[in-house]
Q: 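My questions all concern the structure below.
Because the structure is predicted, anything quoted here is derived from the model rather than measured. Each residue takes its place number in the sequence, starting with 1.
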Amino acid sequence: MGKKARRRHTPEQKAALVREHVVDKKAVSEICNTAQIQPSVFYKWERDLLAAAPTVFATRRAPSREREL
């Protein structure tokens, strides 16, 4: 019996799966069963996403009025 090939998920796929839990309130077990991943993998993706969240807010944009001038 051979080893199973490791599945690769794109960043977009990972984000979509975490979004299903956070936004759509879908159960982690249901998401993991559908995506055929272990819950520990899902929770790591969720931790990674939340750890990177501050970079979203770190970009400072000039107010729109200042850009017009």
Side-chain angles (χ1 to χ4, degrees):
M1 191 154 130
K3 264 187 162 178
K4 288 186 179 181
R6 183 177 290 210
R7 287 181 298 279
R8 302 280 181 192
H9 293 85
T10 65
E12 291 80 13
Q13 290 171 322
K14 293 174 184 180
L17 291 171
V18 173
R19 188 178 306 118
E20 284 183 37
H21 174 63
V22 174
V23 176
D24 300 336
K25 305 297 185 205
K26 202 170 182 184
V28 172
S29 59
E30 185 179 344
I31 295 167
C32 292
N33 287 338
T34 303
Q36 296 180 339
I37 59 172
Q38 292 293 316
S40 60
V41 172
F42 176 86
Y43 286 119
K44 181 179 181 332
W45 293 348
E46 186 178 44
R47 280 192 313 271
D48 292 346
L49 178 66
L50 293 174
T55 60
V56 172
F57 301 108
T59 306
R60 183 174 165 95
R61 296 181 182 167
S64 59
R65 180 69 181 142
E66 288 182 20
R67 276 188 261 154
E68 290 175 9
L69 299 175

Q: Is a side-chain N or O of Glu20 found less than 3.5 angstrom from the main chain of Leu17, in a donor-acceptor match?
A: no

Q: Side-chain heavy atoms nearer than 4.5 Å, only ILVMFWY residues, links allowed to pass through others: does that put Val41 and Val22 together?
A: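 Yes, same cluster.
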
Q: Do you know the tightest heavy-atom contact between Pro39 and Cys32?
A: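 Heavy atoms only, the tightest pair is CA-SG, 3.6 Å.
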
Q: Nearest 0.5 angstrom please: Ile37 CD1 to Lys44 NZ, how far?
A: 12.5 Å

Q: Just wondering, more than 12 heavy atoms not from Lys26 lying within 6.0 Å of its NZ?
A: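 It does: Lys26 NZ has more than 12 such atoms within range.
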
Q: Where is the tightest heavy-atom contact between Ala35 and His9, given as atom of each residue plus distance?
A: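 Smallest interatomic distance, heavy atoms only, reads O-NE2, 4.1 Å.
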
Q: Give the minimum heavy-atom separation between Phe42 and Val18, together with the two atoms involved.
A: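 It is CE1-CA, 3.8 Å.
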
Q: Starting at CD of Glu12, measure out to NZ of Lys14 and round the result to the nearest 0.5 Å.
A: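 Answer for the CD-NZ pair, Glu12 versus Lys14, is 10.0 Å.
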
